[in-house]
Protein chains: 4
Amino acid sequence: MSTPTALGGVIPPLTTPLDADGEVDTASLERLCTFLVTAGVDGLFVGGSSGETALLSDSQRQRVVEVATGVAGGQVPVVAGAVDTGTARVIDHARAAAKRGAAAVVSTGPFYVAPHPAEVVRHFRLISGAVDVPVIAYDIPSATNTRLPQSAIVELADSSTIAGLKDSSGDLTAFRQILLATAGTGLRVFTGSETVTDLALRLGAHGQVPGLGNVDPDGYVRLGRAAAAGDWVTANTEQERLLRLFAIVDVADRSRIGFTAAALGAFKAAQYLRGVIDVPRCADPLLPLVDREIDAIRKILLSEGIGVER
Amino acid sequence: MSTPTALGGVIPPLTTPLDADGEVDTASLERLCTFLVTAGVDGLFVGGSSGETALLSDSQRQRVVEVATGVAGGQVPVVAGAVDTGTARVIDHARAAAKRGAAAVVSTGPFYVAPHPAEVVRHFRLISGAVDVPVIAYDIPSATNTRLPQSAIVELADSSTIAGLKDSSGDLTAFRQILLATAGTGLRVFTGSETVTDLALRLGAHGQVPGLGNVDPDGYVRLGRAAAAGDWVTANTEQERLLRLFAIVDVADRSRIGFTAAALGAFKAAQYLRGVIDVPRCADPLLPLVDREIDAIRKILLSEGIGVER
Amino acid sequence: MSTPTALGGVIPPLTTPLDADGEVDTASLERLCTFLVTAGVDGLFVGGSSGETALLSDSQRQRVVEVATGVAGGQVPVVAGAVDTGTARVIDHARAAAKRGAAAVVSTGPFYVAPHPAEVVRHFRLISGAVDVPVIAYDIPSATNTRLPQSAIVELADSSTIAGLKDSSGDLTAFRQILLATAGTGLRVFTGSETVTDLALRLGAHGQVPGLGNVDPDGYVRLGRAAAAGDWVTANTEQERLLRLFAIVDVADRSRIGFTAAALGAFKAAQYLRGVIDVPRCADPLLPLVDREIDAIRKILLSEGIGVER
Amino acid sequence: MSTPTALGGVIPPLTTPLDADGEVDTASLERLCTFLVTAGVDGLFVGGSSGETALLSDSQRQRVVEVATGVAGGQVPVVAGAVDTGTARVIDHARAAAKRGAAAVVSTGPFYVAPHPAEVVRHFRLISGAVDVPVIAYDIPSATNTRLPQSAIVELADSSTIAGLKDSSGDLTAFRQILLATAGTGLRVFTGSETVTDLALRLGAHGQVPGLGNVDPDGYVRLGRAAAAGDWVTANTEQERLLRLFAIVDVADRSRIGFTAAALGAFKAAQYLRGVIDVPRCADPLLPLVDREIDAIRKILLSEGIGVER
């Protein structure tokens, strides 16, 4: 199995397929894992924002890790989200995930509360001291409403408290500064972007965690390989295609459903259309896309060269 | 025991006393409950923002409800926070609290995700349908980063899906609009303010949930009684004293600790100085106040007529 | 003429009537001034946010002051906005207004730039030193995107640098703190609220600057008189009526026009319907309300007991 | 002289050198223009955010354009900011600048007010119709607090209402989308970034407007030339050096002065140390850097290979 420091490449943040009752759809999740591994991804990230972790119960979160590690079977590492508001809660999730085979766990800084950067550092130190697997810090201000302070990230990397960073801030200046400031520390820096992944790789990102990789993992694998080969023309062409594909998240009528339902519902609709999952629903209380919206997504998939089965 | 619709008056949001190891300090929590009930409060709200619920594990949250219901013994209702990011998670907390004797449960809208107002309504409908106790909606944008939409609150009140609203938005225009729009629905509307409580009562609030009530419950009980008697001069004088007392939350050096640690640390320091709790620490990862800061809080307590034992 | 320290009571922030070409409609503005003075207001505030000052040219701003001081003729003071991004610009506006008879000028803190509280203090010191009329500080974070720091206001009041504060923050806790902190300094504190004006007066506000006073000055005059007489039942009844009337700002279809156009367009539509102004248009680039929306405003006016002429 | 559509390359947004009295220091401004032109820049952008336009009086703004066009003498185009809150005000600035020889004018969307995207479009249409020079739209949400809507930019480009866009949003996904969506319209798209300029150029940006170009124009010229030649290794090396140099904006003690004073004060301190301008002060009400901070900037300049004269 990959050692933690080897984490890298394409590690999509899996959606969590649910059945009509809102329970984890094990068969669909297994198919999704297989679909991604077959496409050549380098790891599976379950229980992240794209996995609707905020909307899953503890038992659902744990089930997802079990299924993913079962399918991955050591072929690729499974990274598990341990997303919660405070240290004690994150540690409980992290231990449960590690016990079920997660190769690393991912935590944001504390949210709901308003911590000082020194308290953010302490949060990660306590988590890291409480679990046996590497900890990856997750900067996603659109969800937590605060940035992980750059100084905290550097301090945590210097002390090897965290093994990685997933950056979903959209701020490439900070991304570049962190890559430069943590060079030599062994920190693995991942971009969570779907749309400037190529630029992040060019800056030296160690890997990519694109939500849209749920829909077109082959595209991101090709993008990653082109980047690794220094073939930036191909990388750019692939990225521009993926940018057009990403328009699926703008299909839903936002006067009816929220942004999360629109984006994750689009990923699931595309997976459903491709025959990977059985039901395109999101977790409660998110509302579903309607047929007209799913039709529009089908058209976008087809126009970007992605075959559908439904 | 109070029926749900009778909820009202002063219901302080209890801090969660912790011991030196960070575990729930049962003896201190019992003293705190007794301290508040003796002061004449009308209910106990445990597991709210002031209770550091975001930083407590599930078992700690449940322990707090057990201790509070044990002390309250039916004299006053215990309202329990069921604060979490999504519907399934809130339901799990709410059921655990109801099982341990909570008379009502309190939930914010979904956070971390970005829901539509219709999804917020659905969130509360699902919670309400899943538990046997009344549900109180909690509007605290400083923590969740979004407002509960006014239209959603009115719809939930009209359908008796929620029994109450705790408003910690600081927005008295919206508070007034909600009171007027839900008059006749039976919705119990509570202010979470420490500093304009009198104004909220004047507008017709059914109760108050002031964090500073942890420190000076007698003051808020006096304020509530003056308001109920229409004695607004006394209410104003009491409120201005409490406003000065509230300065304890500004004592800590914010270049060292965050806002949550400063505010809740001040409440706990004051409870410690008054001899109510044994250890003034907050939950991980929050950093403690230093002696100099605790001294400054002691001075403010004394200058506002509050005796200290330490 | 009123001395600056006597500023108080109802001082509506006038809309700026424009003709079909977008130029200042002098006849309508004169009628508006007369309409307000006849209703018993205690001053006229021209060139504020409700006056679309941000959208007027320098010559239009100056024309407005000339017309208002001409009509007021010393019966009531005319306060003039000197709203701009930086000190030098504000001083130029302030001098132009003072020259045309303004009894006081109103300035926000610097915006577009990101100043330190010490720089905000310096801003007002420089303005105050450059003009012969009193300066009123204007806290309107919805427009400037930052609050006037409380410490800065207190420092400016203590040194008599500013003569007044117009608070449009909606934050009654801060409003109360400022009133208490500046008691004895002579600072005149005004609320910019339409909807909790009564509460602000109860806290000790020296005056009110309600945008909706453009539409129903009699209502705010009655509210102010009831408050001055300690008749809070009448004040509350009047305020609740004005709150319902304020619904006119929510009439416009926000998928078509912005918030400013919806709110100020509603004020102007109501003034037009009442026969006070001739054309209900806003300044470029704001889009106008449509007939259906103006009809809806007419209905609200009538249902709140306000006669219309059109 | 360059035709408008030929605008491109390095067009630094000049600081506005001031003398000890806060007036435009003509001699220093002339030296600055010459310094930049000599370094090989392709245009001069005066009266932008880096030029403290928000803090300059109208006459100071006009003087700056006169001096710059005088020095440029047609060798390079002078682009002038026409930054103000509303359409009429922007048009006045734009006409004054055009009259003084500006080759194009730059306007943000309306601010202080809250416009609808359709009103933003109308704003630019009215400006464009009122002046004889090309209009460049300026997206700087850190100053105006709103984004220019992407749909508006595309509509304005499609209709040739605007000739260019200066993007200072820091959002490279949107930058990429706009470049793709406006390809073929002739829109010239400029990045305002100092730190990911190379990435913007790689995406197809037509030019760069880096504030730090005030300090090291040679660096940005080299970066632009390397990018134009497809030599991304050199571009990256240059960009990383400039990123380190950009640390000068973080030198000032932010407990004493604001962000704008820290950043623009650093640019001016560096220009002063290089002997380009005589006085490193900012416009009122911004506070100056202190000697210790200027010393720290000197050290950074020297360590990045930039000679100083003071």
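When reading the values below, keep in mind they use all heavy atoms of this one structure, side chains included, and skip hydrogens, waters and symmetry mates.
For the 3.5 Å distance criterion, the side chains of D/Thr191 and D/Ser193 fail to qualify, holding no donor opposite an acceptor. There is no side-chain donor-acceptor pair under 3.5 Å between C/Glu52 and C/Thr15.
Contact annotation for D/Asp92: only side-chain heavy atoms (C-beta onward) come within less than 4.5 Å of a heavy atom of chain C. In this structure, chain C has a heavy atom under 4.5 Å from the side chain of D/Asp84, while its backbone stays farther away. The contact between D/Leu286 and chain C is made by backbone and side chain atoms together, counting heavy-atom distances below 4.5 Å. Within the 4.5 angstrom heavy-atom criterion, no atom of D/Leu264 approaches chain C. If you measure heavy-atom distances from C/Arg125 to chain D, you find no contacts under 4.5 Å at all.
Between C/Asp58 and D/Arg89 there is a salt bridge, with a side-chain nitrogen of the basic residue lying less than 4.0 Å from a carboxylate oxygen of the acidic one. Ion pair D/Asp25/D/Arg281 not flagged as a salt bridge, since none of the NZ, NE, NH1 or NH2 atoms sits closer than 4.0 Å to an Asp/Glu carboxylate oxygen. In this structure, C/Asp171 pairs ionically with C/Arg147, as a charged nitrogen and a carboxylate oxygen lie closer than 4.0 Å.
Among C/Thr108, C/Leu55, C/Ile257, C/Val83, the residue with the largest count of heavy-atom pairs under 4.5 Å with chain D is C/Ile257. Taking C/Gly22, C/Ala88, C/Gly86, C/Ala54 one by one and counting their heavy-atom pairs under 4.5 Å with chain D, the maximum is reached by C/Ala54.
When each of C/Gln60, C/His93, C/Arg61 is paired with C/Thr53, the side chain to side chain donor-acceptor pair (under 3.5 Å) condition holds for C/Arg61 and for no other.
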